[in-house]
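Take a look at the structure set out below.
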There are 2 protein chains.
Amino acid sequence: MTAGTTSRADAIDAVAVTLLPRASRLTRLLLRAGDRALSRTEAGLLSTLLDGPRRITELAETEALAQPTVTQLVDRLQGRGLVARERSATDGRVVLVSLSAEGREQLQVARAQYRALLRDTVQELSDEELNQLAAASETLGRLVETLQARGGVA
Amino acid sequence: MTAGTTSRADAIDAVAVTLLPRASRLTRLLLRAGDRALSRTEAGLLSTLLDGPRRITELAETEALAQPTVTQLVDRLQGRGLVARERSATDGRVVLVSLSAEGREQLQVARAQYRALLRDTVQELSDEELNQLAAASETLGRLVETLQARGGVA
DNA sequence: TGTCCAATATAGTTTCGCTATGTGACCGCT
DNA sequence: AGCGGTCACATAGCGAAACTATATTGGACA
């Protein structure tokens, strides 16, 4: 990459052209194998709930989903017993979604599946590459936060 | 990140749990803004064609798509005049897909849109973070290649 | 207490990708 | 030459995921 000499504009260009298509391909490649019980979106939502109950709109925001999408998602997860809906005592409009014991368990299972998948596929990467990958994920996380902090992309 | 002290297993775990959900969120966030003429998959395919004509199965492999998906994709793109189908002279079964002038142009436009989008959204990242992001994309690309070289995930 | 806003739910649609299968071209063998 | 098998692409049909628009219900306050 010859980092260091890379200008800011060049870096933006490179990312703009490559990042999303690569992420798409990676997702498709990884999702091909295996019948996971949880989709990445479901897993993401349950992960968020690990930190405690959340309202629907909150979830929509942090997961970068539209509100009706979250309602449906929660419907399905509730149907499977992975989350619970609870009306707020103080505000009758608000629904608090919380992780059930079963949901917590399933999340562990799903994560274990992802881990196993990566363990298998990542064998050929060097330690350095692997660490870069971890760093990459961190960076993506920061970028997501930055975008959300700006209140969407606008 | 305290890189260096990170064990291989820890790195795998971190990546397994965070990478795909983050990539999903990022995609959704970035795709919200704007009416792009080209989807990321379409843009990816056209980008590949920049290097010259490709057959359908080749495209399916490099884009990590199923063959019928590529056929449909090419249908649409051809309908919009962005690519051309051409029967191979030496092998009547083979279709060569090539980029049209219009397709090349549209790809430029789409890339410019992505660049503008990132330019706007990336303002708040430091130079270092931006370079990390570029490196992250590189790493993702290598991971994709590794996965493809293994002939899928299996 | 009527009006307006906020939080969630419902309806309907779109987009994207997949599996299974069909059709026609090439190749090896007899 | 002809037959069967395989390869490359196309067609058909399906399912998942997420969207927009809109309805519904609760709260807040003049």
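Keep in mind it's a predicted model, so treat the numbers as computed, not measured. Each chain gets a letter, A, B and so on, in the order its sequence line appears, and its residues count up from 1.
A nucleotide of DNA chain C counts as in contact with chain B when one of its atoms lies under 4.0 Å from a heavy atom; the first and last such, 5' to 3', are C:dC16 to C:dC26.
No contact: B:L73 has no heavy atom under 4.0 Å from any strand.
Its side chain within the 4.5 Å cluster rule, A:L46 clusters with A:L38, A:L45, A:L49, A:L50, A:I56, A:L59, A:L65, A:V70, A:L73, A:V74, A:L77, A:L82, A:V83, A:V95, A:V97, A:L99, A:L107 among the Ile, Leu, Val, Met, Phe, Trp and Tyr residues.
Contacts of B:Q78 classified as side chain to side chain donor-acceptor pair (under 3.5 Å), with partners at least two apart in sequence or in another chain: B:R85. In this structure, the side chain to side chain donor-acceptor pair (under 3.5 Å) partners of A:T71, at least two apart in sequence or on a different chain, are A:Q67. For the side chain to side chain donor-acceptor pair (under 3.5 Å) test, residues two or more places apart in sequence or in another chain that qualify with B:R111 are B:S47. Legend: residues meeting side chain to side chain donor-acceptor pair (under 3.5 Å) with B:T57, ordered by chain and number and at least two apart, are absent.
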At a cut-off of 3.5 Å, list every protein nitrogen or oxygen paired with a nitrogen or oxygen from nucleotides 13-16 of chain D, distance to 0.1 Å.
none

Enumerate the protein-to-nucleotides 26-30 of chain D contacts in which both atoms are nitrogen or oxygen and the separation is below 3.5 Å.
from	atom 1	to	atom 2	distance (Å)
D:dG26	O3'	A:G92	N	3.4
D:dG26	N2	A:R93	NH1	3.1
D:dG27	OP1	A:G92	N	2.8

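Contacts classified as side chain to side chain donor-acceptor pair (under 3.5 Å) and involving residues 92-102 of chain A (residues at least two apart or in different chains) are given here: A:D91-A:R93. Residue pairs meeting the salt bridge (Lys or Arg N to Asp or Glu O under 4.0 Å) criterion with at least one member in residues 56-74 of chain B, sequence neighbours excluded: A:R25-B:E63.
Between A:D13 and B:R119 a salt bridge is recorded (basic side-chain N to carboxylate O distance below 4.0 Å).
Side-chain contact check for B:T48 and B:R54: no donor-acceptor pair (N or O, by modelled atom type) lies under 3.5 Å.
For the helix from C:dT1-D:dA30 to C:dT30-D:dA1, the angle separating the two terminal helix axes comes to 0°, with each axis derived from five pairs and the value rounded to 10°.
Listed by residue number, B:R85 are the residues of residues 76-86 of chain B with a heavy-atom contact under 4.0 Å to DNA chain D.
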